[in-house]
Amino acid sequence: MKLKKILHGGDYNPEQWLDYPEILEKDITYFQLAKINTVTIGMFSWSTLEPTEGVFQFEWLEEIINRLYAAGISTILASPSGARPKWMADRYPEVLRVREDRTRLLFGGRHNHCYTSPIYREKIEIINRVLGERFGHHPAVILWHISNEYGGDCHCPLCQEAFQAWLKNRYGCIEHVNRSWNTTFWSHTYQSFEQIESPSSIGETLVHGLTLDWKRFVTDQTVDFCAWEIKALKASGSAIPTTTNLMYDFVGLNYDKMASIIDIVSWDTYPVWHKREDIKVAWDNGMQHDYMRCLKHKPFLLMESCPSSTNWQAVSRLKRPGLLKAQSWQAVAHGSESVLYFQMRQSRGSSEKFHGAVVDHYGGCDTRVFREIAQLGGELENLPGILGSETRAKVALIYDIENRWAVEGAQGPRNEGLYYHRAAVKSYQALRKQGINVDVISMVQDLSKYKLVVAPMLYMFRAGIEEKIRTFVKGGGHFVLGYWSGIVDENDSCFLGGTPYKLMDVFGLRRTETDGLYAHESNSIHGVADLGDASVYKTDTLCDLLDLNTAEALYCYGEEFYQGTAAVTKNRFGSGVAYYIGSDAMQAFYDDFYGELLHAADVEPLVTGEIPKGIAINSREGADGMYLFLQNYNNEVVDISALELTGTLMQGENKNRLDAYETLIIKK
């Protein structure tokens with residue numbers, strides 16, 4: 001989709017205000033004042049679009065889309081499958097989900113429906129086809145929004161049969177399943193596919209191959225349902241592109257597969273600001289932006305963000321002045337071509353009545369939040385040249401959802417928390433602090449375009465990653481492998497003959513044991529003195545014990561019976577270098593370690609000079625040049641005069657300083 005402007009707007013639910021025509025009229029005026037150019041409609045509108053089975057009422061929707069379009073506002077039109085109407089649940093109870101304990105749910109909530117159910121698929125196909133016929137060629141509609149935040153699973157008899165068929169297609173014969181899952185353990189051998197049931201708290205949860213394959217099946221079934229929705233919309237001949245909104249750090253689906261069937265990746269971000277240092281929240285959120293961008297390695301859309309405070313977080317703090325803009329510009333800096341909010345007008349009742357909105361219950365345009373949104377809308381209009389530009393990175397972080405599934409279900413050296421996400425964020429923010437762009441990729445992606453690749457806790461090897469790493473290092477790349485890596489295959493079966501599997505020569509070592517530390521315990525790693533580094537860093541959680549062959553020790557453990565043995569190593573292999581970090585070190589270690597490593601890997605920072613604490617730097621490059629983003633996540637002014645900044649100032653006041661939460665944009 002080639003955009004002519006950065007999309008600014010968000011989720012709008014006019015069906016909640018059909019009895020208040022004066023509010024609908026006022027909203028259009030407010031949207032124009034705030035420079036809103038796009039709204040998302042129809043997200044949870046099924047009961048209004050089809051109040052009784054087979055009776056469609058689209059007139060209200062068409063009128064609103066037309067009125068918005070006349071005011072210069074485009075529509076992202078959603079399919080309504082995120083919440084089914086009551087008549088459907090009453091007449092066709094099979095559409096309701098069954099929990100893992102085999103209890104069928106009552107009507108209510110969202111996404112309480114079975115993706116396998118032929119009835120549910122039939123009903124969504126009908127309404128989507130009618131939507132496509134009515135609006136698939138409407139000039140106001142620029143994007144199909146498929147459902148909403150897909151997630152969850154169903155364990156009904158229909159899904160059990162579908163899972164068994166999926167397994168048969170994957171493995172071919174039941175003997176292959178038994179070998180792959182090691183079912184002879186605890187006498188769990190299956191004689192047929194029909195004997196296999198989904199994991200359940202009242203049944204089987206400890207055959208790890210089963211639990212992994214169930215998660216893979218849920219992903220494939222959800223993706224298939226999304227594709228079913230898209231096919232119904234496209235049946236009208238509509239050429240409008242498609243998206244579905246993904247979620248922050250979501251472990252329920254493998255988004256690699258979801259991204260393959262939609263035209264544009266979009267996602268919803270709701271950071272918990274002000275609970276800790278805002279720059280740490282920004283690094284965490286930034287990693288998710290980069291993850292979403294790298295699903296297709298193309299610009300994405302920020303589909304939802306909160307204008308003020310949410311209503312569902314443990315504590316819903318207001319954003320300090322300027323932070324709404326900082327959060328929005330962060331998305332653009334990382335590759336977004338939109339800033340969209342949930343919600344445009346605050347709901348009057350039910351679950352989200354206190355969730356932040358562009359227009360709140362007061363109903364005026366003179367609020368602090370509205371003024372900041374309007375100001376941002378004006379600023380977004382001034383950067384059309386950024387559309388279509390790309391983020392170029394020479395460094396990648398491997399963050400793989402199937403690996404995370406396996407890590408968190410491994411029953412390994414530490415079951416009270418292996419902290420895969422935390423480990424990834426440690427490396428990510430350490431790299432970002434050096435002022436570089438970072439791609440966040442899965443194991444299925446190519447490594448060849450990078451100079452440095454970092455893989456924290458790569459417990460599972462899949463998609464031929466061991467051969468990719470070997471080729472990458474041999475060809476001259478720098479690779480960092482974290483502790484507890486290369487342990488199991490894609491079925492969570494342990495490799496035999498030593499780990500990291502098939503890479504012991506590449507890293508010049510063998511992991512012999514792994515020590516799990518209690519929450520109150522820690523160890524330390526000490527720089528090897530004869531290498532000129534006497535630094536000491538605290539470590540915790542896990543400590544790999546390493547038997548070195550050709551690798552050299554950069555840091556050694558300071559405590560326990562393995563005191564003095566290697567903890568961090570370096571090994572030259574082919575034309576490249578392979579590093580192994582054997583323990584969960586404190587943040588300061590990663591900050592220092594990657595600072596040296598980037599220099600060795602010949603990765604140049606985006607700016608020259610020491611970057612002050614709390615400043616985030618990104619870049620995007622297009623046909624008309626490079627856009628450099630500098631953002632201050634401190635609640636105070638920061639002096640940046642030590643940075644060498646050349647180019648045209650596109651956003652901001654001064655190249656020598658950044659106000660609290662200010663964003664500076666320079667075009668080179």
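Here Phe593 pairs with Tyr579, Phe589 under the ring-ring contact (aromatic ring centres under 6.0 Å, His included) rule; sequence neighbours left out. Asp591 meets the side chain to side chain contact (heavy atoms under 4.5 Å, CB included) test with Ala430, Lys433, Gln587; sequence neighbours excluded. Remark: Asn382 engages no residue in a side chain to side chain contact (heavy atoms under 4.5 Å, CB included) (not counting sequence neighbours). When the salt bridge (charged side-chain N to carboxylate O under 4.0 Å, His left out) test is applied to Glu372, no partner is found at least two apart in sequence or on another chain.
Side chains of Thr391 and Asn618: a donor-acceptor N/O pair is absent below 3.5 angstrom, by distance only. At a cut-off of 3.5 Å, with distance as the only test, no side-chain donor of Thr514 or Tyr483 sits close to an acceptor on the other residue. A donor-acceptor contact closer than 3.5 angstrom is absent between the side chains of Glu560 and Asn523. One side chain, Tyr341 or His8, offers a donor N or O that lies under 3.5 Å from an acceptor on the other.
The ring of His289 has its center closer than 6.0 angstrom to the ring center of Phe300.
With a 4.5 Å cut-off on side-chain heavy atoms, Ser524 and Glu559 count as touching. Contact annotation: the side chain of Arg470 approaches that of Asp505 to within less than 4.5 Å [non-hydrogen atoms, C-beta and beyond]. Counting heavy atoms from C-beta outward, Asp268 and Phe342 have side chains that stay 4.5 Å or more apart. Residues Thr569 and Asn571 are not in side-chain contact: their nearest non-hydrogen atoms beyond the backbone lie 4.5 Å or more apart. The shortest side-chain heavy-atom distance between Leu397 and Ser427 falls under the 4.5 Å cut-off. Between Val453 and Phe479, some side-chain heavy-atom pair lies under the 4.5 Å cut-off.
No donor-acceptor pair under 3.5 Å is formed between the side chain of Asp639 and the backbone N or O of Pro612. Looking only at distances, no side-chain donor or acceptor of Tyr501 sits under 3.5 Å from a matching main-chain atom of Met460. Panel note: side chain Glu337, backbone Gly388; a donor-acceptor pair is recorded below 3.5 Å. Panel note: side chain Asn632, backbone Asp659; a donor-acceptor pair is recorded below 3.5 Å.
Under the salt bridge (charged side-chain N to carboxylate O under 4.0 Å, His left out) criterion, the residue pairs touching residues 280-295 are Arg276-Asp284, Glu277-Lys280, Asp290-Arg293, Asp290-Arg432, Arg293-Asp439, with sequence neighbours excluded. Screening residues 592-610 for salt bridge (charged side-chain N to carboxylate O under 4.0 Å, His left out) gives Lys451-Asp602 as the qualifying pairs, with residues at least two apart or on separate chains.
Of the residues Tyr633, Tyr661, Trp273, the one that meets the side chain to side chain donor-acceptor pair (under 3.5 Å) test with Asp278 is Tyr661.
When all heavy atoms are compared, the tightest approach of Ile436 to Pro605 is CG2-CA, 3.9 Å.
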Practice item. Check step by step if salt bridge (Lys or Arg N to Asp or Glu O under 4.0 Å) holds for Arg414 and Glu416. Key: CA-CA 6 Å; Arg414 183 182 169 92; Glu416 293 181 352; 5.2 Å; no
